[in-house]
Each structure stands twice: as C-alpha cells, then as structure tokens.
Amino acid sequence: MCPQPIIQLCNISYHYALTSSPVLHNLNLEVADERIGLIGPNGSGKTTLFQIMVGLLLPDHGHVLFDGRNMDSEKDFRLLRRQVGLLFQSADDQLFSPTVLEDVAFGPLNLGYSPEEARDLASGTLKELGLAGFEERITHRLSGGEKKLVALATILSMRPRLLLLDEPTNNLDPATRNRLIDILMGLPQAQLIISHDWDFLARTTSHLYTLEHGHLHRCDHDHIHSHQHIHRYGDHPHQHSD
Ligand SMILES: Nc1ncnc2c1ncn2[C@@H]1O[C@H](COP(=O)(O)OP(=O)(O)OP(=O)(O)O)[C@@H](O)[C@H]1O
Ligand SMILES: [Mg+2]
C-alpha cells in the first residue's frame, strides 16, 4: 500500500508578475514519509516550488493538500508551517535574532513552549548538530557554513514532520558536508531536498525528481558509472563531492 502523502501538489502553475512564461506548469507531486531529492538547473523553479508548498507564494492554478486537506487560507498555511520546516536557500533569510540561542528557541516559543522548555529544546538541537557552545554567539558574525547549520537548527528545534531543505550543502566544507549527511540520515523526518550535488542526493535520498521547463520528472533508473580524473593540487589531502 502507498504511504499516505503528507503534502500533495495538484496541478500547480505559477508565473511571476513581470514574466510572461510560467515557472511551474501544471505540476503534481506527492511527498509521503520518505526522502526525496530535487535537482534542476538554476532558475528552473525549485525554490519557487518550496515557497508554494508552505504558502509563501500562492499558485495561479492548482492547490496544496496537507494531510489530505486543502490549504486555502493563510490560517491553513500557518498551521502547515508548524509541521513543515523550510530551510531557506540563503541562511541570512532565516536568521534574524541577535544570538544563536534566541534564533533557535524562536520556533519552539512560537509553538507555545515555555521560555525554559524552548531554551532546552534549542540547546539540545544545537548539541545534536555539533554546535554546543554556539548559544551566545552573535548570529550575523557566524561564517557561511555555521549560519547554514544554525538555520537548520532553527527548523529542527520545532520537531517538524517534514523538512524542505533548499541547497543545505551550500557553503559547507567537505567534512561538514559529510557530517550533515550523517545528521540528515539520523533524522526521523520525511525530507525533500533541493541540491545541485548529485552525490549528496544519492547518499541522503531514496529517489529523485528533476525540474526543468516547469515540469517534474521522476528519475527511476540507476546507472553505474566510474571515472578517473586528474587536477592541480591533487596531492593535497582532499575529498570530492561528486
Ligand atoms: N520575485 C521574483 N520576481 C520575478 N522573477 C522571479 C522572482 N523570484 C524568482 N524569479 C525567477 O523565477 C525563476 C525561478 O526561480 P527560482 O529561484 O525558483 O529557481 P531555482 O530553481 O531555485 O534556481 P537556483 O538553482 O538558482 O536556486 C528564475 O528565472 C527567477 O529569476
Ligand atoms: Mg533556488
């Protein structure tokens, strides 16, 4: 039996006001309790798709279902966003509090936890992500990779059912990228992950969609390939992302 979808997109079309051609064209997608990768060229509409899924953009046509219910008001989407955590492509769009702890505790506070509970949830989440000791750091002074992990913590502290991760490996060095893979694989939540990193998606997701010319295509076939390569500075210890 197919698992019950958490989110369904039905016949979604979207175009931005000043552009004539649609970014998304009559698109359908079901996300159940699974890990899905989403890949596609720059500008193909991946981020737009995530924004529609959580109600930050409203489609021209079509609708979003959450747990089988049609989301047709901002109130519906506010409830959806309590259970669907969106990691923004740019961490700077996600982080707004002076300190890391305040940022990570913000979501739980919003969900109605007491300040003590929210602080405990935030500290625990930072610890799980290897960020213990970051609590009092000034958010806007963090490095790009640190910001990305703290942004992930702001979502995980709310214990959502579904994670929408928009290019989570951006700004991460190879060791941190590998740590992120371990973290994501250890999480119980369903995940939909946008990335340009094929190897990352192969290691973190069980199937893949491509988005191109406004349409989604499911990639069902495995192709074994191997390659050798040579490059400058190759004698320095290093890892490859694909
Ligand atoms: N607010 C906006 N107004 C007008 N056009 C926009 C707006 N936001 C995005 N677009 C355009 O819509 C298209 C899809 O953008 P989107 O950010 O969804 O692509 P993407 O697949 O996430 O790309 P990337 O891989 O570069 O992140 C692009 O051509 C982009 O320029
Ligand atoms: Mg994008």
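The figures that follow rest on heavy atoms only: side chains count, while hydrogens, waters and symmetry mates do not. Start at 1 and go down the list; that is how both ligands and their atoms are numbered. Small disclaimer: the values here were computed from a predicted structure and weren't measured.
Protein heavy atom in closest approach to atom 26 (O) of ligand 1: Asn42 ND2, 3.0 Å. At the shortest separation from atom 12 (O) of ligand 1 among protein heavy atoms lies Tyr16 CE1, 3.2 Å. Closest to atom 18 (O) of ligand 1 among all protein heavy atoms lies Thr48 OG1, 2.5 Å. Looking from atom 25 (O) of ligand 1 to the surrounding protein, the closest heavy atom is Lys46 NZ, 2.7 Å.
Near His196, with a cut-off below 4.0 Å to any heavy atom, the atoms of ligand 1 are 25 (O). Within ligand 1, the atoms closer than 4.0 Å to a non-hydrogen atom of Gln89 are 27 (O), numbered from 1 in the order shown. Ligand 1 places these atoms under 4.0 Å from at least one heavy atom of Pro41: 21 (O).
Using a 4.0 Å cut-off between charged side-chain N and carboxylate O, Lys147 and Asp92 make a salt bridge. Salt bridge absent: Arg218 and Glu30 never bring a charged side-chain N and a carboxylate O closer than 4.0 Å. Classification of Glu74 and Arg81 as a salt-bridged pair holds, one side-chain N sitting under 4.0 Å from a carboxylate O.
In this structure, Asn28 and Asn26 approach most closely via the heavy-atom pair ND2-O, 3.8 Å. Among all heavy-atom pairs drawn from Val64 and Asn70, the shortest one is O-OD1, 3.5 Å.
With a 4.0 Å cut-off on non-hydrogen atoms, Thr47 touches ligand 1 through its backbone as well as its side chain.
When atom types are taken as modelled, the side chain of Asp67 and the backbone of Arg69 share no donor-acceptor pair closer than 3.5 angstrom.
Rounding to the nearest 0.5 Å places CH2 of Trp198 at 4.0 Å from CD1 of Ile39.
Taking backbone and side chain together, Thr47 holds an N, O or S atom under 2.8 Å from the Mg ion (ligand 2). Taking 2.8 Å as the criterion, Gln89 counts as a coordinating residue of the Mg ion (ligand 2), since one of its N, O or S atoms falls below it.
The closest approach between a heavy atom of Glu167 and any atom of ligand 1 is below 4.0 Å.
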ring-ring contact (aromatic ring centres under 6.0 Å, His included) between His25 and His215, intermediate numbers included: CA-CA 6 Å; His25 194 69; His215 299 283; 5.3 Å; yes

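Ranked by closest heavy atom to atom 28 (C) of ligand 1, the top entry among Gly43, Gly40, Ala17, Gly214 is Gly43.
Between Val23 and ligand 1, not a single N/O pair is under 3.5 Å apart.
Under a hydrophobic-cluster definition in which Ile, Leu, Val, Met, Phe, Trp and Tyr are linked whenever side-chain heavy atoms come within less than 4.5 Å, directly or via other members, Val31 and Phe66 are assigned to the same cluster.
Put simply, atom 31 (O) of ligand 1 has no protein non-hydrogen atoms near it, under 4.0 Å away.
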